[in-house]
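Each residue takes its place number in the sequence, starting with 1. Note that ligands are numbered from 1 as they come in the structure, with each ligand's atoms numbered from 1 the same way. In what follows, every heavy atom counts, from backbone to side chain, and hydrogens, waters and symmetry copies are set aside.
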Amino acid sequence: MKIVFSMGGSIIAPDNIDQSFVGRASDFLIKLSKSNTLAVVVGGGAPARRRIVEAREKGASEAECDYVGILATRENAKALIDALDRNSNQGIPESVRDAVKSFGSNILVMGGTEPGHSTDAVAALLAEWTKADLLINASNVDAVYDKDPRKFKDAKPLKSVRIDDLIRLLEGQSVAAGQYPLLDPTSLKLIKRSSIRTIVLDGRNLPNMADAISGKKFSGTEVTF
Ligand code: UTP
């Protein structure tokens with residue numbers, strides 16, 4: 001299978017880069033790559049958010065703040081590349097077009113590309129472009145909920161969600177730099193227009209992720225069309 005991961009910075013760099021998780025994720029990916037073609041788009045996490053706040057305080061434009069976030073995503077991507085192979089001189093693609101060219105050889109790892117969206121959009125575009133079989137949104141959010149779990153205590157996790165309902169659920173959330181929703185609007189448009197098979201799950205639970213990939217019962221949400 002061809003799989004694209006949108007790996008949340010929230011799990012790679014919840015505070016600073018979590019080398020222990022990066023090591024475990026790298027072992028997981030290496031094993032998975034024996035029988036699958038993989039690409040991982042890494043998010044910015046706490047370092048991105050801290051730097052975006054600083055930049056905003058200094059009067060940076062939103063696009064500039066996004067760019068500061070992009071640089072942080074690439075640092076996180078580099079940490080994963082180093083864990084996968086310290087001797088690799090694999091560069092980090094800075095556009096999806098460049099990424100497409102190297103998709104298939106090694107495990108492709110990259111961060112953000114352009115301001116105006118989050119790494120979810122990068123992963124969705126890469127999945128669309130390469131006709132990937134599966135897009136996995138792996139962050140510290142374990143599922144899509146029927147309402148915002150930060151606001152409602154009785155919010156329930158959904159096993160599956162129709163794309164139009166997901167778009168409605170996430171509508172109106174912030175799209176400021178560093179504050180994009182669980183899946184950003186651009187990624188939702190791409191997922192919808194190409195019916196990209198998409199799963200949302202807690203990326204820290206690697207055995208659960210393995211179950212999802214191998215078609216077993218898993219904890220998380222599948223997007224339906
Ligand atoms: P993300 O928001 O994708 O990181 O990128 P994240 O930490 O993984 O977010 P979660 O865990 O999914 O919530 C960090 C920031 O970098 C900028 C945005 O400002 C984004 O919020 N960015 C990232 C871009 O502007 N363009 C990109 O292609 C990627």
Side-chain angles (χ1 to χ4, degrees), residues 4-18 21-22 25 39-81 92-100 108-129 135-145 148-150 166 169-170 173-191 198-205 209 220-221 223:
V4 178
F5 295 88
S6 177
M7 189 170 279
S10 53
I11 56 176
I12 286 233
D15 182 20
N16 293 307
I17 293 175
D18 179 348
F21 174 76
V22 170
V40 187
V41 183
V42 180
R49 293 210 169 81
R50 282 196 295 266
R51 289 184 217 168
I52 288 169
V53 168
E54 262 174 44
R56 198 176 275 124
E57 277 168 7
K58 288 186 189 146
S61 65
E62 274 308 295
E64 242 180 314
C65 290
D66 269 341
Y67 189 67
V68 165
I70 290 169
L71 296 180
T73 65
R74 291 184 184 149
E75 283 177 27
N76 295 342
K78 180 75 177 70
L80 182 58
I81 290 172
I92 300 176
E94 297 192 356
S95 72
V96 170
R97 189 170 141 67
D98 280 347
V100 168
L108 173 73
V109 181
M110 68 187 294
T113 53
E114 293 290 328
H117 51 71
S118 77
T119 43
D120 296 329
V122 177
L125 188 54
L126 189 55
E128 183 183 59
W129 198 314
L135 171 63
I136 300 188
N137 184 289
S139 74
N140 64 357
V141 177
D142 63 350
V144 175
Y145 284 73
D148 190 341
R150 289 166 301 190
L166 181 57
L169 276 169
L170 299 177
Q173 294 197 10
S174 168
V175 287
Q179 295 165 22
Y180 289 91
L182 175 64
L183 281 155
D184 75 10
T186 310
S187 70
L188 291 170
K189 266 184 228 161
L190 299 170
I191 290 168
T198 303
I199 284 172
V200 174
L201 44 65
D202 186 334
R204 295 166 297 191
N205 186 346
M209 188 133 73
T221 305
V223 178

Shortest non-hydrogen pair, Met110 vs Ala99, comes out as SD-CB, 3.5 Å
State whether the side chain of Asn137 and the backbone N or O of Ser6 hold a donor-acceptor pair below 3.5 Å, judged by distance alone. no
Exactly one candidate in Thr186, Asp66, Thr119 meets side-chain hydrogen bond (donor to acceptor under 3.5 Å, both in side chains) with Tyr180; the answer is Asp66
So is Ser139 touching ligand 1 or not, going by heavy atoms under 4.0 Å? no
The protein heavy atom nearest to atom 12 (O) of ligand 1 is Gly8 CA, 4.2 Å
Counting from 1 in the order shown, the ligand 1 atoms closer than 4.0 Å to a non-hydrogen atom of Pro115 are 25 (O)
May I ask you to check whether Tyr67 has an N/O atom sitting below 3.5 Å from an N/O atom of ligand 1?
no
shortest atom 1 (P) of ligand 1-to-protein heavy-atom contact is with Thr119 OG1, 3.6 Å
Nearest heavy atom to atom 16 (O) of ligand 1, choosing from Ser10, Pro14, Ala72, Gly69, belongs to Gly69
min-distance protein heavy atom vs atom 21 (O) of ligand 1 -> Gly178 N, 2.8 Å
Nearest non-hydrogen protein atom to atom 18 (C) of ligand 1, with distance, is Asp66 OD1, 3.2 Å
Of Gly112, Ala138, Gly45, Cys65, the residue with the heavy atom nearest atom 7 (O) of ligand 1 is Gly45
### Distance-only donor-acceptor check, side chains Ser187 and Asp120, under 3.5 Å
no
Answer yes or no: does an N/O atom from His117 fall short of 3.5 Å to an N/O atom of ligand 1?
yes
* Charged N-O contact under 4.0 Å between Arg56 and Glu62 -> yes
Between Phe21 and Arg204, the two heavy atoms sitting closest are CE1-CA, 3.9 Å
- Item | Test of proximity, Gly44 against ligand 1: N or O pairs below 3.5 Å | yes
Note: Thr73, heavy atoms under 4.0 Å from ligand 1, region reported as side chain
Exactly one of Val100, Asp98, Val109, Val122 clears side-chain contact (heavy atoms from CB on, under 4.5 Å) with Pro93, and that residue is Asp98
Near Ala177 (heavy-atom distance under 4.0 Å), the atoms of ligand 1 are 19 (O)
* Presence of salt bridge, Asp15 and Arg50, under 4.0 angstrom -> yes
In terms of heavy-atom contacts, Leu182 and Val200 come closest through CD2-CG1, 4.2 Å
Closest to atom 9 (O) of ligand 1 among protein heavy atoms sits Arg49 NH2, 3.0 Å
Numbered in order shown, the ligand 1 atoms found under 4.0 Å of a heavy atom of Val122 are 28 (O)
protein heavy-atom neighbour closest to atom 26 (N) of ligand 1 works out as Glu114 O, 2.6 Å
Using only atom types and a distance under 3.5 Å, with no angle test, would you say the side chain of Arg74 pairs donor to acceptor with the backbone of Gly111?
no
message: Does ligand 1 come near enough to Gly9 that some N or O of the ligand is less than 3.5 Å from an N or O of the residue?
response: yes
Original post:
Can a salt bridge be assigned to the pair Arg51 and Glu75 using a cut-off of 4.0 Å between side-chain N and carboxylate O?
Top reply: yes
